[in-house]
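For reference, the structure discussed in these notes is given below.
All values derive from a computational prediction rather than experimental measurement.
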Amino acid sequence: MSSPKKTGSRPGARSDPAARASVEKRRSAKLTPEQRIGVLEKQLADSQAHLAAANRELDHASSELQISAAKLRESQEVTRSTRDALKISLDRETLALAFAEIGTSEFDVKSSMVRSSDMSLRLFGIQREQADLSFDKLLESLHPEDRPKFSDALAQCLNGTGNLDIEYRVAGADGSFRWLRTKGDALLGLDGDPIKVLWVTDDVSQRKDMDARVRFLAHHDLLTGLPNRTLFQDRVQQALAAAKRMQSLVALLFIDLDRFKYVNDSFGHRIGDILLQTVAARLRKCVRETDTVCRHAGDEYLIVLSALRDPSEAAMVAKKVLAIFDEVFLLESHEVRMSASVGISVYPDDGQTMEDLIRNADAAMYHSKKGGHNRFEFFTPELNAPVAERLVLANQLRRAIEDHHLVLHYQPQFDTATNRLMGAEALVRWNHADRGLLFPDSFIALAEESDIIHLIGEWVLNEACRQIAEWQGRNLKVVPVAINFSAFQFRRSSLVQGVADAFSRHGVKAHQLEIELTENAIMQDPKETAKTLDQLHEMGVSLSIDDFGTGYSSLNYLKRFPIDKLKIDRNFIEDLPHDLNDSAIVHAIINLAKSLRMIVIAEGVETKEQLDFLRALSCDGYQGYFGGRPLEAERFAVLLS
């Protein structure tokens with residue numbers, strides 16, 4: 001009973017290790033050895049349990065420490081990546097501004113100093129001496145006329161009446177000026193007053209040049225650089241208004257190049273374009289700065305002469321215009337001689353408007369062209385009638401093709417020795433509603449002038465093939481049919497393919513069609529002629545030279561062309577056999593044809609005497625009124641039966 005009382009009377013004894021050890025020692029002294037071993041084993045187990053718990057706490061703390069360390073490393077990596085990304089972004093922005101040649105500037109309102117980037121200084125043409133420069137120093141680089149505009153724009157930006165947005169010029173190193181554009185805005189302080197203006201600047205010279213080019217092209221001819229019809233109309237209106245106020249005259253010259261199609265067809269469109277450019281340059285030198293030269297259309301030019309006192313002044317300019325054609329045109333490796341026809345109308349007598357003046361000058365030009373090349377004519381009221389008639393007839397001819405008012409007649413060709421039918425020549429006729437049946441002399445020249453000849457040629461080719469196919473379908477004995485190609489048609493690149501297509505479309509054999517060409521047509525460009533003729537000949541088409549002896553023949557080229565027939569022009573036949581010169585020429589042509597192994601046919605045979613003479617010279621064939629007039633298809637079919 002005394003022991004518990006002693007133990008309980010010592011506060012803190014259980015918490016005192018020394019006392020607890022002393023008590024345990026006294027207790028163990030009373031224990032047996034076996035009991036003592038059990039106590040020690042229990043103490044060891046308790047110590048191991050405490051140690052395991054401590055290890056678990058240590059592992060948990062270590063794991064949390066590792067997680068914290070990983071989060072710290074991840075945070076550091078994100079920070080580093082963000083920093084790198086920001087640097088890359090800034091570098092890219094700087095590089096983009098450099099490549100775009102965009103400069104940045106900062107204007108300090110209080111000090112009037114400008115801090116500019118290197119690119120901005122280069123754009124202004126300023127050598128960097130220090131980081132900042134005064135606004136006045138910056139203005140010195142601008143064109144004197146643009147400095148007030150820049151200052152005003154900046155002032156408006158500062159007082160809030162507008163943004164800074166201005167285009168202006170700066171001087172280049174070579175003394176020329178470049179165009180810059182500056183855009184910016186004011187940066188306000190806490191009190192709402194501007195403290196800085198930030199702006200960017202870029203070079204807009206190329207864009208300004210492009211804009212000027214677009215404006216130029218909108219009012220000028222792309223090929224020659226001359227004012228186009230839009231700008232010319234404005235100049236004419238100004239000249240007429242001034243003439244009305246000052247009681248002066250205005251003259252309009254209508255210039256048309258003679259035989260321009262020959263240049264295009266013989267040497268190609270590129271050479272034709274060079275000719276048009278050269279003519280334009282020469283025309284500019286014929287007039288005053290106050291006058292205007294315009295390319296009207298194709299190979300036509302217009303000149304308006306303002307503030308004239310007398311029509312004779314227009315005549316003087318017209319003479320200058322014609323004089324520019326005295327000098328040969330050197331077009332790359334080609335030397336070309338050209339001429340022009342000029343028509344003149346004068347305000348106010350020949351017209352009150354631009355349209356009237358152009359129309360009447362055109363009429364005068366056409367009259368000049370009919371009278372011969374390289375001359376000019378003033379307009380007179382009497383000239384309007386034939387011009388109007390010509391325009392009406394051209395429109396009617398175009399409609400006649402569409403409405404099938406053209407027809408082919410066939411003139412028979414006979415063997416001179418046997419008088420048997422050997423062929424036919426297809427001749428186009430126009431069934432005009434008011435004027436009756438028109439022969440080619442009435443409209444072929446107009447068709448060539450109006451560029452309708454190609455349509456007529458295509459129609460003749462297809463109609464002849466269609467008629468041959470129809471005769472074949474009726475089991476008639478078909479003879480070769482000859483069609484005429486003009487020089488304009490022959491120079492078209494699509495001619496050979498057009499002939500092949502017509503054969504295929506109508507089922508006609510190549511030997512059933514002959515193509516006739518004049519000497520002038522085939523001699524204008526001998527190299528291209530030989531190529532086209534060879535292609536046609538390879539197809540099996542028979543080729544003949546029509547009206548032989550009337551053009552500029554070249555026997556050297558003639559022997560190289562695959563020509564099958566020569567047709568003697570009727571002018572050499574009509575006085576046979578009495579005219580000795582014609583007799584000699586016909587004899588020579590027949591001998592020439594025989595030596596070149598060509599068939600020779602005489603045209604325009606109208607008498608028995610002519611036929612007998614040709615038969616004696618062994619001429620192969622003939623055609624003319626003595627053998628038969630041109631016949632409609634149905635009447636000609638009788639000869640085939």
Side-chain angles (χ1 to χ4, degrees), residues 221 223-224 226-229 232-233 236 251-267 269 271-287 291-305 314-329 331 336-346 350-351 354-380 383-391 393-395 445-453 487-488:
D221 175 55
L223 178 64
T224 63
L226 293 175
N228 60 16
R229 296 177 68 176
F232 184 77
Q233 180 177 359
V236 172
L252 192 142
L253 277 62
F254 196 114
I255 304 161
D256 182 81
L257 304 186
D258 299 323
R259 299 174 65 245
F260 175 72
K261 287 182 179 293
Y262 162 74
V263 176
N264 253 354
D265 294 336
S266 299
F267 305 113
H269 288 282
I271 298 299
D273 288 346
I274 296 175
L275 174 61
L276 294 175
Q277 293 170 337
T278 307
V279 170
R282 293 186 184 183
L283 287 176
R284 285 193 187 99
K285 299 178 181 179
C286 297
V287 300
D291 302 323
T292 301
V293 181
C294 160
R295 184 184 176 206
H296 183 55
D299 59 338
E300 298 173 346
Y301 299 85
L302 298 176
I303 296 178
V304 60
L305 307 173
M316 292 176 59
V317 175
K319 291 178 181 178
K320 289 182 180 179
V321 168
L322 296 177
I324 71 172
F325 296 94
D326 293 340
E327 181 182 353
V328 67
F329 288 85
L331 311 175
V336 176
R337 290 198 172 274
M338 292 293 297
S339 62
S341 300
V342 182
I344 307 172
S345 60
V346 180
D350 300 334
M354 182 188 73
E355 291 77 12
D356 291 339
L357 292 172
I358 291 178
R359 183 176 60 253
N360 292 337
D362 185 16
M365 181 279 298
Y366 181 70
H367 184 68
S368 171
K369 190 179 288 287
K370 288 181 63 177
H373 301 311
N374 215 44
R375 55 196 302 274
F376 68 89
E377 289 280 354
F378 278 92
F379 171 78
T380 60
L383 297 179
N384 264 336
V387 172
E389 181 181 358
R390 177 169 55 97
L391 293 175
L393 194 63
N395 290 331
L446 175 64
E448 292 178 342
E449 178 185 327
S450 306
D451 205 27
I452 306 175
I453 190 65
F488 297 102

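- Note: Phe325 and Phe329 have tilted aromatic rings, judged against thresholds of 30 and 60 degrees for the angle between ring planes.
- A distance-only check finds a donor-acceptor pair linking the side chain of Gln277 to the backbone of Leu223 [under 3.5 Å].
- The two residues Val317 and Cys286 have their closest heavy-atom pair at CG1-O, 4.1 Å.
- When each of Val293, Leu252, Thr292 is paired with Ile303, the side-chain contact (heavy atoms from CB on, under 4.5 Å) condition holds for Val293 and for no other.
- Here the closest non-hydrogen pair linking Ala364 and Glu377 is CB-O, 3.4 Å.
- Atom CZ in Phe378 sits 13.5 Å away from atom CG in Asn360 (nearest 0.5 Å).
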Candidate pair Ile271 and Leu275, rule side chain to side chain contact (heavy atoms under 4.5 Å, CB included), full reasoning
CA-CA 6 Å; Ile271 298 299; Leu275 174 61; 5.7 Å; no
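- Residues passing the ring-ring contact (aromatic ring centres under 6.0 Å, His included) test with Phe260: none are found, sequence neighbours excluded.
- In plain terms, the two heavy atoms of Ala361 and Ser345 that are nearest each other are CB-OG, 3.6 Å.
- A salt bridge is defined here as a Lys NZ or Arg NE, NH1 or NH2 lying under 4.0 Å from an Asp or Glu carboxylate O, and Asp356 with Arg359 meets this definition.
- Minimum heavy-atom separation, Ile344 to Ala318: CD1-CB, 3.8 Å.
- Aromatic rings of Phe232 and His296 (six-membered ring for Trp) have centroids beyond the 6.0 Å cut-off, not under it.
- Considering all non-hydrogen atoms of both residues, Leu257 and Lys369 come closest at O-NZ, 3.9 Å.
- Contact between Asn374 and Asp258 at its shortest, heavy atoms only, is N-OD2, 3.5 Å.
- By the salt bridge (charged side-chain N to carboxylate O under 4.0 Å, His left out) test, Asp299 pairs with no residue at all, sequence neighbours left out.
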